Structures are given as C-alpha cells and as structure tokens.
Enquirer: 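This structure is in structure tokens; I'll ask about it shortly.
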Amino acid sequence: MNRRNALGLMAIGGATALATTRFAVLRRAEGNPATRVPRFELALKIPAVLKPTKRTETQDEYDIVQSEAEQEILPGHATKIWGYQGVFPGPTIRVRRGRTAVIRHTNRLSAHTVVHLHGGRTPSDSDGFATDMVMPGETRIYKYPNQQRASTLWYHDHAMDRTGENVYRGLAGFYIIEDDEELSLPLPKGDFDVPLLLQDRMFAADGSLLYSTFGHEGIQGNVMLVNGVPWPRMEVSTRTYRFRILNGSNARPFRLALSNGTPFTLIGTDGGLLTQPAAVQSLPLAMAERADVIVDFSRIPVGTKLFLLDTREGPGRQELLRFDVTNRGRDDATIPSRLSDPGLLSRPATANTRTWTLQRTFNLSHGMPPFLWTINGRQFDPDRSDAKVPLGEIELWRFRNEGGFSRLPHPPHVHLAHFQILERNGGPPLPHERGWKDTVGLERGEEVLVMIRFEQFRGRYMLHCHNLEHEDHAMMSRFDVL
Ligand code: C2O
Ligand code: CU
Ligand code: CU
C-alpha cells in the first residue's frame with residue numbers, strides 16, 4: 001500500500017471514529033428527562049450589568065470572582081456552572097469609550113483560567129495570552145483602555161488547552177463599549193437594546209452539563225440557549241428593538257432568519273456601527289461573530305408570535321427564540337440612513353501579504369488522534385512567533401480553510417486589531433461583512449483576503465480558529481507586533 005492510500009485509510013478511520021464519538025455522546029444527552037424542556041415557555045433573561053466597585057476621574061474598577069455555582073437552567077434541575085460572579089452567562093460590562101476599565105479577576109475554580117476581551121484593543125499583558133494563567137486561588141488585574149469605537153465585545157476564558165471546557169461551563173459575558181457618537185443616534189436604547197447570546201449545550205440525566213470535544217471536532221449540543229435560557233420567549237411591543245447577537249457557541253455556526261420572512265436591518269458588526277444600515281434576509285453567524293441588528297415589530301399585530309430561526313441545518317430549521325408581540329408600543333427610535341464613519345482604510349498599492357491556512361494535518365508521529373488542527377501546518381507553540389508585524393502598517397492577510405472532512409467552518413479570529421474584508425473567494429465580501437470584523441466564517445475550501453493594521457500596542461498576541469475545540473488542539477498562532 002502506498003503512502004497516499006495509507007493516509008486515505010487513516011483519514012477514513014479517523015472520520016469514522018469521530019462520527020462514533022459524536023453519536024455516542026449525543027445519545028447520552030438525548031432522550032434523558034433533563035433535556036425535555038418545554039419550548040418557548042421560559043422567559044428570556046437579560047444578564048445584569050456589573051457595577052463598578054470604584055470610579056475615579058478616568059477609570060472604572062470592577063471585581064469579578066470566578067466561581068462554581070448551581071443554577072436552574074433546565075426547569076427542576078440544578079446545574080453546576082462556572083461563572084463570572086457565579087452566574088452564567090456572566091454579567092454584562094458596559095463601559096464608556098476613553099474610560100479605562102480595571103478588572104480584578106479572582107479564580108475560585110478548580111482549574112486554571114485566563115480572561116480575554118474579544119475584540120478589545122488591549123495591551124499584551126492584559127490580552128489573555130493562553131499561558132498567562134490565573135491558577136486556582138490567584139488574582140489577576142486586567143486593564144482595558146477602551147480607546148476604540150462603540151462596539152459589542154465579549155469577555156471569555158482563554159486558558160491554554162481548556163478554553164473550550166471553561167467557556168462551555170459558563171465563562172463568557174458581554175462587554176459593551178459606548179461612545180458619544182453612538183449615543184447621539186436615535187437608535188433603540190435601554191430596555192430596547194437587548195444582547196442575545198446564542199449557545200448550545202448538552203445535559204446528562206441529572207441535569208449536569210455534559211462536555212465532550214467530539215473527538216476534537218468541536219462540541220455541538222442539543223439544547224439551544226439564549227442568554228442561558230433554553231428556547232426562551234420574549235415579550236415585545238409594537239416598536240423597533242436593537243439586538244446585539246453573539247454566537248457564543250463553542251463549535252456551532254448559525255444562519256439566522258426571522259420566521260415572518262422580514263429581513264434584519266444590520267447596523268453593526270464585530271467592530272461597531274456600519275456606515276449605513278443594510279437589509280439582510282439571512283444572516284450567517286460563525287462562532288464569536290457578532291451582528292448588531294434592528295428588528296421592527298411596529299407593523300405586527302398584537303398577539304402575533306414569531307421566531308428567531310437557525311436555518312443552517314436546512315429544512316429541519318430550528319427555532320431558537322420566540323418573540324410574542326404582546327403590547328402596543330410607542331416608538332421613540334428611528335434608524336438613521338447614515339450611522340457612523342467607521343474610519344475604513346483604503347487599500348495601499350503595495351503591502352506585505354501573509355497567508356494563514358487553517359487545515360487538518362495527519363498526525364504521523366503518534367497516530368492518535370489521527371489528525372491535528374493546524375495553521376500553516378503547525379500547532380500552537382507559545383514560545384514560537386509565527387509572524388513579526390510592524391506596528392502601524394497595513395498588511396494584507398489571506399485566511400484559507402483548506403477543507404478536509406469537517407463539515408464545520410473554521411472561523412479565524414485575530415486579537416488586537418479589527419480587519420476589513422476585501423475579498424471573499426475572489427468576489428466581494430458578504431453583506432454582513434462590510435464593516436470592521438475580528439472573526440470571519442470560512443466554510444470548507446473558502447478564503448478571504450483582509451486588510452489589517454495593528455496600532456497602539458506592541459507585544460505578543462494570538463490568532464486562532466474560534467471553534468474552541470480546534471483552538472485547544474491547537475489551531476492557534478502567536479504573532480508579535482514590533
Ligand atoms: Cu474570542 Cu482569542 O478569542
Ligand atoms: Cu479575541
Ligand atoms: Cu477550526
């Protein structure tokens with residue numbers, strides 16, 4: 001048998017092994033009483049906004065304890081979660097642009113943790129490099145300057161080798177930056193500005209969270225949660241709402257739509273508001289991507305029920321959240337036709353170009369697991385720098401998903417800087433990709449060309465696939481801004 005055939009057989013064997021693991025784990029999770037949740041009966045919850053413990057002229061200080069707690073996620077069951085302040089999802093942190101946030105995290109869990117502000121422009125020592133670990137009992141202070149546009153960010157765990165499990169158990173929350181420009185717009189505010197964290201989970205019969213990497217392919221659960229509530233309902237009035245949607249799943253991509261066929265009005269992406277709103281009928285959202293949308297219920301009769309759907313899985317489309325139009329509302333919001341000046345870059349005539357290929361490579365040395373998740377053929381090594389990038393210079397980066405057997409996308413994510421997508425598969429970017437991004441969904445065989453410029457901070461940072469099980473095993477690269 002020649003080498004190619006041998007590799008082919010190994011790959012088929014590997015794929016079969018993975019399918020078996022996935023099936024076995026899902027079988028444990030399905031059909032157990034814990035999972036029989038009444039759909040669209042539980043009310044959507046909105047994570048509480050964390051209060052600073054101290055405010056000075058220029059900064060807000062917060063204290064967060066990472067701890068284990070019991071939470072009723074499935075009715076009648078107490079589930080052990082790991083939470084920032086002992087809650088899942090973590091409290092929302094809302095800050096003003098230009099005011100530094102100083103966050104003191106204490107780890108009262110039984111495993112090491114790292115905190116990362118996803119989408120944050122943060123100095124290297126506060127960015128949550130995977131090996132900057134906070135051991136059980138330890139405290140670490142993270143400083144976020146918040147010198148960046150108003151945007152919907154999130155904070156989540158990033159610990160070396162166990163990010164997937166830490167996030168799965170609950171270590172994730174919203175981090176929203178506000179600024180004067182955005183606050184001056186007549187967009188929906190207060191109770192009508194609603195963060196929606198989409199996640200999937202699996203539960204055992206006793207209500208505990210079941211975690212498995214699905215043979216490193218990435219966990220996909222059979223219970224859909226929005227803000228930690230399984231298949232919730234939300235009562236809305238006949239007016240416009242702003243939804244900040246975050247795909248906080250470890251490995252589940254979505255394609256969102258509204259069941260009444262109306263489009264979302266997209267107003268912002270990972271890095272804040274767009275220049276102008278865009279109507280988007282079908283909204284793909286890979287892991288860690290955010291979409292800031294307006295939904296207009298004003299012409300919908302009271303008594304109507306409609307759904308936020310995930311249509312990615314095809315005809316057996318899945319309802320995630322039900323909107324019950326229950327009240328007449330007075331709408332004080334409008335959507336301006338010009339939202340913001342995102343300060344987009346123009347493409348330079350020449351620029352340094354780098355290619356990052358996300359791929360599955362055969363594990364020839366040990367054989368188990370049969371393959372590895374790599375970037376440019378290599379696994380993450382915290383001591384190896386894969387790129388030295390000059391501060392302040394525009395570079396062109398090409399991300400490629402080299403395919404393989406996985407039906408899941410690889411969404412590359414870059415720390416420190418947002419990027420602009422120039423091309424997707426040689427054509428224009430998708431409608432929801434025309435603003436600043438920090439994460440981009442790449443299906444098998446796809447590639448994007450982006451323009452990126454690192455500013456403000458030098459030091460070591462990471463880029464990686466935001467399938468968290470891929471990231472842990474170890475589809476991640478270190479780069480250094482010099
Ligand atoms: Cu959202 Cu490096 O992560
Ligand atoms: Cu990040
Ligand atoms: Cu991946």
Side-chain angles (χ1 to χ4, degrees), residues 18 90 113-122 124 126-132 142 144 148 151-164 166-168 171-175 197 199 213-220 246-253 270-271 286-290 356-361 371-376 379-380 382 399-419 436-446 452 454 457 460-479:
L18 284 189
T113 63
V114 168
V115 184
H116 169 58
L117 175 59
H118 181 123
R121 275 200 199 177
T122 59
S124 171
S126 280
D127 191 55
F129 196 77
T131 51
D132 283 348
Y142 295 86
Y144 305 134
Q148 61 187 95
S151 43
T152 305
L153 313 183
W154 60 307
Y155 64 109
H156 64 76
D157 193 80
H158 220 303
M160 183 78 170
D161 298 336
R162 53 172 306 119
T163 296
N166 285 0
V167 171
Y168 188 82
L171 294 175
F174 280 98
Y175 187 102
L197 168 61
Q199 293 171 315
T213 65
F214 281 13
H216 300 178
E217 197 179 356
I219 189 167
Q220 289 199 332
L246 157 63
N247 180 355
S249 305
N250 282 30
R252 178 182 293 275
D270 303 343
M287 295 78 86
E289 282 192 290
R290 284 88 72 209
W356 304 95
T357 300
L358 290 85
Q359 60 199 155
R360 175 183 270 184
T361 45
F371 35 69
L372 306 168
W373 297 113
T374 60
I375 297 181
N376 293 342
Q379 290 192 287
F380 179 63
F399 293 105
R400 301 173 55 229
N401 174 348
E402 209 181 54
F405 291 88
S406 187
R407 64 198 172 86
L408 297 178
H410 293 300
H413 162 56
V414 185
H415 287 215
L416 184 61
H418 287 86
F419 50 78
W436 288 109
K437 297 282 297 164
D438 58 44
T439 309
V440 52
L442 280 186
E443 302 293 333
R444 174 165 46 191
E446 289 192 317
I452 192 162
F454 296 92
F457 303 112
R460 63 175 187 176
Y461 291 91
M462 299 174 291
L463 69 93
H464 57 88
C465 176
H466 223 290
N467 174 320
L468 297 181
E469 283 69 42
H470 294 182
E471 176 200 323
D472 280 338
H473 296 280
M475 199 177 233
M476 183 149 75
S477 266
R478 163 183 165 180
F479 65 93

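The model shown is predicted, which means the values in this text are computed figures rather than measured ones. Order of listing sets the numbers, starting from 1, for every ligand and every atom in it.
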Enquirer: Do Y155 and Y142 have ring centres separated by under 6.0 Å?
Expert: no
Enquirer: Taking the ring centre of each residue, are H118 and W154 less than 6.0 Å apart?
Expert: yes
Enquirer: Are any side-chain N or O atoms of Q220 and backbone N or O atoms of A251, one a donor and one an acceptor, separated by less than 3.5 Å?
Expert: yes
Enquirer: Check H118 and report its N/O/S atom nearest to atom 1 (Cu) of ligand 1, by atom name.
Expert: ND1
Enquirer: Taking the six-membered ring for Trp, are H464 and H470 ring centroids under 6.0 Å apart?
Expert: no
Enquirer: Report the atom name of the nearest N/O/S atom of H470 relative to the Cu ion (ligand 3).
Expert: ND1
Enquirer: Could you check which N/O/S atom of H464 is closest to atom 2 (Cu) of ligand 1?
Expert: NE2
Enquirer: Under 6.0 Å between ring centres: does that hold for F454 and Y461?
Expert: no
Enquirer: Angle at atom 1 (Cu) of ligand 1: provide the value between NE2 of H156 and NE2 of H466, rounding to 10 degrees.
Expert: 110°
Enquirer: How open is the angle at atom 2 (Cu) of ligand 1 from atom NE2 of H415 over to atom NE2 of H158, rounded to 10 degrees?
Expert: 110°
Enquirer: Is the Cu ion (ligand 3) less than 2.8 Å from an N/O/S atom of H410, whether that atom is in the backbone or a side chain?
Expert: yes
